[in-house]
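This structure is a prediction, so every number in the text was calculated from the model and none was measured. Protein chains get the first letters and strands the later ones, always in sequence-line order, with residue 1 at the start of each.
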Protein chains: 2
Amino acid sequence: MPTPHYGQPRYRVIADELRERISSGAIPPGALLPTESALTAEFRASRGTIRQAIAILRDEHMVATEHGRGTYASPFWLNTSLEGGESETRHRQVAAGPDLAALFAVDVGTTVVERETVRRMHGVVCEVVRTYRPLRPGQ
Amino acid sequence: MPTPHYGQPRYRVIADELRERISSGAIPPGALLPTESALTAEFRASRGTIRQAIAILRDEHMVATEHGRGTYASPFWLNTSLEGGESETRHRQVAAGPDLAALFAVDVGTTVVERETVRRMHGVVCEVVRTYRPLRPGQ
DNA sequence: AGAAATTTGTCCGTATGTATC
DNA sequence: AGATACATACGGACAAATTTC
């Protein structure tokens, strides 16, 4: 078969189809996707094309792949919501989420210090920098 | 020739090398990277491998590719990620929570880029810096 | 414990489509 | 119109991690 890619490229079409299956629950969260070879048979596409489609979903954090095992449909994660600020730089104490707690090797909920700097260009916020440090550095 | 990939895969090594050139300024921001065929010749790798390396940098927003023109070094993350001690920096895309959405004046859930740098002293995490930027800063 | 099968990871080479200069 | 360069797609081969027998 030649390689006509009019309109949407095939790998994107395949990615859309797989995304739809995950979103609709046809592939429940945590479940394994069909193997790459199974997908090549189903979509009549080469393995490279299939892997390109899966790479899209991986970038979107829709799936997670493990070497030798397969590709899982990954459950969505919750984003930590902290209140916003308008000043240039402010400090406050916040409870460490699981991510920060894991990084600092402390219990979840441990107080850490956050410094938030909001940088604007022509009045438009272009960058937000948040620096976290433990209350007792080194301990 | 067989395909021995001991240690780091070649595309990752190539991506590291190109990232270093951009970070160090050897490839100035906004400049065109060498063409894929030039990189093919330089690294003695196939185009697929070169493109895989470039895809990594594209995911990190270190470069931007324009169809038919070439791949540019993006001034987006021009920095300073150099440091003496032990630190790891990674990039990823996250959905903006209410706080970030308010700061950037975008809808909640809008994709923003997060760069997270974890600094360690003697193996102990002492600081976590998270920088958020919108996907399109003007570029 | 070990071997085989399964599955994803990496790499190559080639061909062709599409956009830009 | 031609040249250049990136995008898409195919096929094959071998490596590495996991599971299964």
For the base of D/dG12, is there a side-chain donor-acceptor partner from A/Arg47 under 3.5 Å away?
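Result: no qualifying N/O pair found.
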Write down the distance between [atom1] ([X]) and [atom2] ([N]), rounded to a whole number of angstrom.
{"X": "A/Tyr72", "N": "D/dA17", "atom1": "OH", "atom2": "P", "answer": "16 Å"}
{"X": "A/Phe43", "N": "D/dA9", "atom1": "CZ", "atom2": "C1'", "answer": "16 Å"}
{"X": "B/Gln52", "N": "D/dC6", "atom1": "CD", "atom2": "C1'", "answer": "16 Å"}
{"X": "A/His67", "N": "D/dT18", "atom1": "NE2", "atom2": "P", "answer": "8 Å"}
{"X": "B/Glu66", "N": "D/dA7", "atom1": "CD", "atom2": "P", "answer": "10 Å"}
{"X": "A/Glu36", "N": "D/dA17", "atom1": "CD", "atom2": "C1'", "answer": "13 Å"}
{"X": "A/Arg44", "N": "D/dG11", "atom1": "CZ", "atom2": "P", "answer": "12 Å"}
{"X": "A/Ile54", "N": "C/dT8", "atom1": "CD1", "atom2": "P", "answer": "7 Å"}

Determine, step by step, whether A/Asp99 and B/Arg130 satisfy the salt bridge (Lys or Arg N to Asp or Glu O under 4.0 Å) criterion, reporting the C-alpha distance in whole Å, the side-chain angles of both residues, the deciding distance to 0.1 Å, and the verdict.
CA-CA 12 Å; A/Asp99 45 355; B/Arg130 287 176 179 164; 3.0 Å; yes
Nearest of [options] to any side-chain atom of [X]?
{"X": "B/Arg51", "options": "D/dA7, C/dC11, D/dA9", "result": "D/dA7"}
{"X": "A/Ser46", "options": "D/dC10, D/dT8, D/dA7", "result": "D/dC10"}
{"X": "B/Arg58", "options": "D/dA9, C/dT8, D/dA7", "result": "D/dA7"}
{"X": "B/Thr35", "options": "D/dA9, C/dT8, D/dC6", "result": "D/dC6"}
{"X": "A/Ala45", "options": "C/dG9, D/dC6, D/dC10", "result": "D/dC10"}

Just by distance, no angles: are the side chains of B/Ser37 and B/Arg47 close enough, under 3.5 Å, to form a donor-acceptor pair?
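B/Arg47 and B/Ser37 do not have a side-chain donor-acceptor pair below 3.5 Å.
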Can a donor-acceptor pair be found, under 3.5 Å and without considering hydrogens, that links the side chain of A/Arg21 to the backbone of A/Pro28?
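No, because the side chain of A/Arg21 does not come within donor-acceptor range (under 3.5 Å) of the backbone of A/Pro28.
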Are the side chain of B/Arg115 and the backbone of B/Val129 linked by a donor-acceptor contact shorter than 3.5 Å?
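No; zero donor-acceptor contacts below 3.5 Å.
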Verify the contact: side-chain N or O of B/Thr49 to OP1 or OP2 of C/dC12, cut-off strictly under 4.0 Å; return yes or no.
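Yes, within the criterion.
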Between B/Tyr11 and C/dC11, is there a side-chain N or O to OP1/OP2 distance below 4.0 Å?
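So the side-chain polar atoms of B/Tyr11 never come under 4.0 Å of the phosphate oxygens OP1 or OP2 of C/dC11.
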Matching residue for B/Tyr132 among B/Val94, B/Leu103, B/Val113 - test: side-chain contact (heavy atoms from CB on, under 4.5 Å):
B/Val94
Please figure out whether A/Ile50 or B/Gly70 has its closest DNA chain D nucleotide nearer the 5' end.
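The residue mapped nearer the 5' terminus is B/Gly70.
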Using a cut-off of 4.0 Å on non-hydrogen atoms, how would the nucleic acid contact of B/Arg12 be classed: base, sugar-phosphate, or nothing?
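If one applies the 4.0 Å heavy-atom cut-off, B/Arg12 turns out to touch nothing in the nucleic acid.
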